[in-house]
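To keep things clear, I will list the structure first and then write my remarks on it.
Source: prediction; values computed, not measured.
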Amino acid sequence: MSTAEKRVYNFSAGPAVLPMSVLQKAQEHLLCLPGAGASILEISHRSKPFIEILDHAIANLTKLLNVPDTHKIVFLQGGSRLQFSMIPMNFLKGSNQTADYILTGAWGKKAYAEAKKEGETNVAWNGGDEGFNRLPKDEELQLSSNSAYTYFTSNETIEGVQFSGEPNVGDSPLICDTSSDFLHRPLPIANYGMVYACAQKNAGPAGVTVAIIREDLLDRASDTLPGYCDYRQHVNNGSMYNTPPTFSIYLMNLVFEWLLNDVGGLEKMHSANKEKAAILYNAIDASHGFYAGHAHPSSRSLMNVTFRLPNDELQDKFVAEAAKNDLSSLKGHRSVGGIRASIYNAMPIEGVTLLGQFMTEFCQANA
Ligand SMILES: *Cc1c(COP(=O)(O)O)cnc(C)c1O
């Protein structure tokens, strides 16, 4: 293999690592999708082969997450960012109710800013003063009495804080941005009004966002919404209101098949994720403060491990030496700095073990 062809361990926060077997299958099928006589990139979204892929994607996701028939699955575009607006447009606008937002990091803050444009909002909890390094306890939440819904971000990708369960919000429909930890564990979908995720962190390539919506909430939307922004259009047209992102859906379905058949389901995925994250957090904890973890230990993310070194110089050295060891994309988000190792579902344990060893050796050499 030439250097240009060599694959490294890719700790990018997103778009991010995909399972090798998924890439191989896509490569195998790229010139000719079996039975289609052309590639997935060239066939109509109304063709039988694509409709089969879409049906399989919905069936596979339903199986993985045990999605009850009270909830509808739709594939959307515009990334998670468009959901920041579509959620309040559909479920808040014109309702005389208040939408509650639990702010545990940068993405939740952005979603809240969009919701404010559509109706009454309330910050139920804000971790900003503490640098978004922990999650709230249920008794800290200040929900409104006429709550339209309660919104939270299960995993804050930039800060590396993650809910390990659901906040208790009473009767308020729970809406969750699971963009960076979708399918990392089983999720009790019945407890949610809506769950959504862009694919490019933990479930596929950029270009598709999956939403799982409780059907009764759909009635809240006004007919004056722009067509694309009305969830009912996507539900009623089976994700074919406009041309869907066919390749992204195809590839995401291959990831669903990988989770079902190769990993063996989300319980197993969750165990593997806990095992991987423990390797890095142990390296942090064993470093006697050389590595300072950003998240409070009780709020640590299994997906994005964030920490700092004693100074910027050492941080740059860490990133550069790691890259020489085929450990790539470890620089933290430009807004917070430090180091961020994103260890999504598809990151093999070998890559995490190598990074853990590198951390230990780097600490010994530089502390
Ligand atoms: C990446 C990310 C987003 C933004 O996704 P886009 O597809 O770029 O709009 C939103 N929320 C979370 C938690 C993310 O990690």
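- When the options Asn90, Asp219, Asp223, Asn237 are evaluated for a side-chain hydrogen bond (donor to acceptor under 3.5 Å, both in side chains) with Arg232, the one that passes is Asp223.
- Relative ring orientation between Tyr192 and Phe152 is described as parallel, the plane-to-plane angle staying below 30° on a 0-90° scale split at 30° and 60°.
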Next on the checklist: Go through it in stages, so that I can follow the logic: the residues are Leu183 and Val255, the test is side chain to side chain contact (heavy atoms under 4.5 Å, CB included), and I'd like the CA-CA distance, side-chain angles, deciding distance and then a yes or no.
Outcome noted: CA-CA 10 Å; Leu183 303 177; Val255 173; 5.5 Å; no

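- Side-chain polar atoms of Asn253 and Asn60 form a donor-acceptor pair below 3.5 angstrom.
- Using a distance-only test at 3.5 Å, with no hydrogens or angles considered, no donor-acceptor pair links the side chain of Gln233 to the main chain of Asp230.
- For Ser144 against Asn122, the heavy-atom pair with the smallest separation is N-ND2, 3.8 Å.
- A ring-centre distance under 6.0 Å is found for Phe91 and Tyr231.
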Checklist entry - Does the salt bridge (charged side-chain N to carboxylate O under 4.0 Å, His left out) test come out yes or no for Arg300 and Asp285, once each step is laid out? => result CA-CA 12 Å; Arg300 284 172 164 174; Asp285 292 341; 2.9 Å; yes

Item to check | Derivation of the side chain to side chain contact (heavy atoms under 4.5 Å, CB included) call for Lys6 and Asp326 | outcome: CA-CA 9 Å; Lys6 185 176 169 203; Asp326 294 337; 2.6 Å; yes

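- Shown here for Ala211 and Leu76, the closest heavy-atom pair between the two residues is CB-CD1, 4.0 Å.
- Ring geometry for Tyr241 versus Tyr228: interplanar angle of 30 to 60°, hence tilted.
- Nearest heavy-atom pair, Glu215 versus Asp69, reported as atom, atom and distance to 0.1 Å: OE1-O, 4.2 Å.
- Between Met252 and Phe256, the closest side-chain pair of non-hydrogen atoms falls below 4.5 Å.
- For the pair Ala115 and Pro88, the tightest heavy-atom approach, listed with the atom from each and the gap, is CA-CG, 3.6 Å.
- Between Lys317 and Glu313, no side-chain nitrogen of the basic residue sits less than 4.0 Å from a carboxylate oxygen of the acidic one, so the salt-bridge criterion is not met.
- Between Glu321 and Lys324, no side-chain nitrogen of the basic residue sits less than 4.0 Å from a carboxylate oxygen of the acidic one, so the salt-bridge criterion is not met.
- The side-chain heavy atoms of Ile87 and Glu118, taken from C-beta on, include no pair separated by under 4.5 Å.
- Smallest separation of non-hydrogen atoms from Tyr344 and Met303: CD2-SD, 3.8 Å.
- Under the 3.5 Å distance criterion, the side-chain polar atoms of Asn191 are left unmatched by any main-chain donor or acceptor of Leu174.
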Could you give the side-chain donor-acceptor pairs of residues 12-36 under 3.5 Å, partners two or more places apart or in another chain?
residue : atom : partner : partner atom : Å
Ser12   : OG   : Gly14   : N            : 3.3
Ser12   : OG   : Pro15   : O            : 2.8
His29   : ND1  : Tyr250  : OH           : 3.4

Next on the checklist: Using side chain to side chain contact (heavy atoms under 4.5 Å, CB included), reason through Asp181 and Leu302 one step at a time and then give a plain yes or no.
Outcome noted: CA-CA 8 Å; Asp181 67 358; Leu302 300 181; over 6 Å; no

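- Here the rule is ring-ring contact (aromatic ring centres under 6.0 Å, His included) with Tyr291, and of Phe358, Tyr281, Phe307 only Phe307 fits it.
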Checklist entry - Would Ile213 and Met194 satisfy side chain to side chain contact (heavy atoms under 4.5 Å, CB included), going step by step from the backbone distance to the final call? => result CA-CA 4 Å; Ile213 310 171; Met194 173 173 162; 4.0 Å; yes

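- Gln142 CD: 12 or fewer foreign heavy atoms inside a 6.0 Å radius.
- Among Thr62, Val67, Val74, the one residue that satisfies the side-chain contact (heavy atoms from CB on, under 4.5 Å) test with Ile212 is Val67.
- A side-chain donor-acceptor contact under 3.5 Å links Ser299 to the backbone of Leu135.
- In this structure, His234 has its ring center no closer than 6.0 Å to that of Phe75.
- One N or O on the side chain of His56 and one on the backbone of Glu52 form a donor-acceptor pair closer than 3.5 Å.
- Ring geometry for Phe362 versus Phe290: interplanar angle of 30 to 60°, hence tilted.
- In summary, the side chains of Gln162 and His184 do present a donor paired with an acceptor at a separation below 3.5 Å, with no hydrogens or angles considered.
- Pairing each heavy atom of Leu143 with each of Ala124, the nearest pair is CD2-CB, 3.8 Å.
- Look at Arg185 and Glu166 and you find a salt bridge, because one of the NZ, NE, NH1 or NH2 atoms lies within 4.0 Å of a carboxylate O, short of that distance.
- Atom-to-atom distance recorded for Leu65:CG and Thr178:OG1 is 8.5 Å, nearest 0.5 angstrom.
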